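Because the structure is predicted, anything quoted here is derived from the model rather than measured. A note on names: the letters A, B, ... follow the listed sequences, proteins ahead of strands, and every chain is numbered from 1.
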Number of protein chains: 2
Amino acid sequence: MAEKISKSGRRQHATIKEVAELAGVSQMTVSRVLNRRDVVREATRARVEEAIRELKYRPNLLARSLAGGNSLFIGMIFNNPSNSYLSELLIGAMNRCREAGHHLVLEDFSSYKEPEDVDELVGRVSGAGLDGILVVPPLSEDDLLLSKLDEVGIPCVLIAPRTRSGSGTSLSIDDEAAAKQMTEYLIERGHKRIGFVIGAEDQISSHRRYSGFQMAMAEAGLEIDPDLVRRGRFTYRSGMEAADRMLDMADAPTAIFASNDDMAAGVIASAFRHGKRVPEDISVVGYDDTPIASAIWPQLTTVRQPIAEMGYQSVDLLASFIGDEDQAGKDLHPVLDVAIIERDSVKRVS
Amino acid sequence: MAEKISKSGRRQHATIKEVAELAGVSQMTVSRVLNRRDVVREATRARVEEAIRELKYRPNLLARSLAGGNSLFIGMIFNNPSNSYLSELLIGAMNRCREAGHHLVLEDFSSYKEPEDVDELVGRVSGAGLDGILVVPPLSEDDLLLSKLDEVGIPCVLIAPRTRSGSGTSLSIDDEAAAKQMTEYLIERGHKRIGFVIGAEDQISSHRRYSGFQMAMAEAGLEIDPDLVRRGRFTYRSGMEAADRMLDMADAPTAIFASNDDMAAGVIASAFRHGKRVPEDISVVGYDDTPIASAIWPQLTTVRQPIAEMGYQSVDLLASFIGDEDQAGKDLHPVLDVAIIERDSVKRVS
DNA sequence: GTGAAAGCGCTAACAG
DNA sequence: CTGTTAGCGCTTTCAC
């Protein structure tokens, strides 16, 4: 280790200047091979790369952003800090921010309970010198907040918002297609009497997921028994209650599709209370692939959203929205695909 | 809004130079009032502060850290990206990093499955020019990884590690005291026959939590029935199985303390299968306050760790460890306090 | 008390 | 293809 140690005991990293000296070129040339801009001659590039390796040089991101002048301060607002969804979003967003030299600033909006709170909170982000904001659900479904944000004119990317319109940009996943796919998965495995637990009435994803279920059933020529469709509130308990009603029926379903994992876990609890085994006596599927899906037993077959990917892309979306005057020709509301995660809660019936 | 807009359409923030001009002083003076170093004369300071307000000036953190020369690149390694624990830790750490001008770099170690993987992974962080590393559990309990990290000589803060010793620093919470407190909570509410589900054998927190349980029982003069102590694996299913055995007994416990929330949820599922109501027929408590604790029904009374606070403090701990030559007189292994979160899974018995 | 100069490490603009 | 000259916005000397 030939590293210099400053008086503070910190490691000094090699700088571009030292690399340039070792390679016998100018700083600019080093900078060029780093950024692969114009083609540096093969021979010089090799020398520079050798020097970089030797000195274990790593570009200083701070200096890079400062000099480059194109580094955004991006805020991320959320109201549920203890949430695995947030954790994945954060990872995706941070990774992209680091790559692109942007800076992510977290703003906790947990204290937002009453409509009166919104002004203070929005003031906090608008006065913070942020270049743009990433709005994490369920904040992205809050019309009051959204309109206030729009008022102060700060660029926003809404993550999984209620609607895909609006003055800003948004990033969503196709709930309808996903629910349709999951229903088809059940149908392919021989299920015909399928129960469905709808989510909370005020969340748009509830409707879209139910609609996907309806589409798949219709396409397969299967009938939906109205008694097998119950509304829940996206909570464990509401899922349990919904299932209680279905399983009390003489002609109980062979499978239940709950609109999220919490409710699906509640459905499984209800099955236990009714002396039924999962998946032998009844198949259960969820949606979201939250930690509860793999925590419970049997582990839940469910729908997984590419959450980290959304975090990653949301940064780019915001950056391109801020960077360009004209938004023409750009997809301001991209939609991402989901995947079915097969675990142990579904069984084929004959 | 008198903001200048660059050709790229980005907002230009006011700089220290503009503030200085408006206030009729030098940049240096502005810098001084910002950093509250030596006392700037009251009158000048007022002028500067007025200018700052007028221009909505916010110091550029990039430039500040670059010039200051004291800004760390801190890595955070984890192996479970979809985890609410990580999300809170991240929030705490990021907030402190922003305040202190440090940079947090996330490194996903999920691919670490076999001992062979460790060298490549450690190489990734040691070659990345990081000043230090925050090790998130359960990585902080992995002796192989820890020794490799030690070998390459990169400063680490271990979050909730197996032991409080070691060459680096660590941050933990007092599992034993917390479990003792929770047991006392149950005892105060009249419970005498209390079941306990131990966690996975290889995790040190399992032992500490059980030990806290034993201490409280002993101090209260209560006996521990060996049949009421079962080992689980920190999973839902293992909690369910452990409770199955206890609830099959003629003399079933009136309360069960599971060493984490997943197992507690499994205990509740087992109670359902045995036709018991929670908390009317049996009280159940967990540990961790993960999302599952408030997702299930009834909501779990549990122990909450100050996770975000740990993230926050871990950054300072690392920074002070890196910054100073002599570690004398500093607490290298601080221990944080926990809190009991009262919800609906406990009932007083007479 | 306050200011002027120099530079943190890098990249943009223009030369050559 | 490569080097030179300027800064990015701030803080650190060291003067006054």
Of B:M28 and B:L66, whose closest DNA chain D nucleotide lies nearer the 5' terminus? B:L66
Would one find a side-chain N or O of A:S26 under 4.0 angstrom from OP1 or OP2 of D:dT2? no
Quickly work out the A:Q27 CD to D:dC1 P distance and round it to whole Å. 22 Å
How many Å lie between CZ on A:R32 and P on D:dT4, as a whole number? 11 Å
Salt-bridge criterion met for B:R53 and B:E50 (N-O under 4.0 Å): yes
Give a yes/no answer on whether the side chain of A:N35 brings an N or O atom under 4.0 Å of OP1 or OP2 in C:dT11. yes
Strictly distance-based, threshold 3.5 Å: is any side-chain N or O of A:R96 a donor or acceptor partner for the main-chain N or O of A:V315? no
Base of D:dG9 paired with side chain of B:R58 (donor-acceptor, under 3.5 Å): no
Rounded to whole Å, please give me the gap between OH in A:Y57 and P in C:dG9. 10 Å
State, yes or no, whether a side-chain contact exists between B:R124 and B:E107 at a heavy-atom distance under 4.5 Å. yes
I need the minimum non-hydrogen distance between B:A93 and B:L134, along with the two atoms involved. CB-CD2, 4.5 Å
On DNA chain C, does the nearest nucleotide to B:A67 precede the nearest nucleotide to A:G68 from the 5' side, or the other way round? Give the residue. B:A67
Would you say A:S31 places a side-chain N or O within less than 4.0 Å of OP1 or OP2 belonging to C:dC10? no
Once you round it to whole Å, what is the distance between C1' of D:dT11 and NZ of B:K17? 16 Å
Is the side chain of B:S140 donor-acceptor paired with the backbone N or O of B:I159 at a distance under 3.5 Å, no angle test? yes
For atom CG of A:L34 and atom P of C:dA12, their distance in whole Å: 12 Å
Within this structure, what is the CZ-to-C1' distance between A:F73 and D:dG9, rounded to whole angstrom? 11 Å
Could you give the CD1-to-C1' distance, from B:I52 to D:dC10, as a whole number of Å? 13 Å
Contact under 4.0 Å: B:T29 side-chain N or O vs C:dG1 OP1/OP2: no
Picking from C:dT2, C:dC10, D:dT2, the nucleotide nearest the side-chain atoms of B:R41 would be C:dT2
Rounded to whole Å, CD of A:E21 lies from C1' of D:dT2 at a distance of 17 Å
Across the strands shown, which category fits A:T44 at heavy-atom distances under 4.0 angstrom: base, sugar-phosphate, nothing? sugar-phosphate
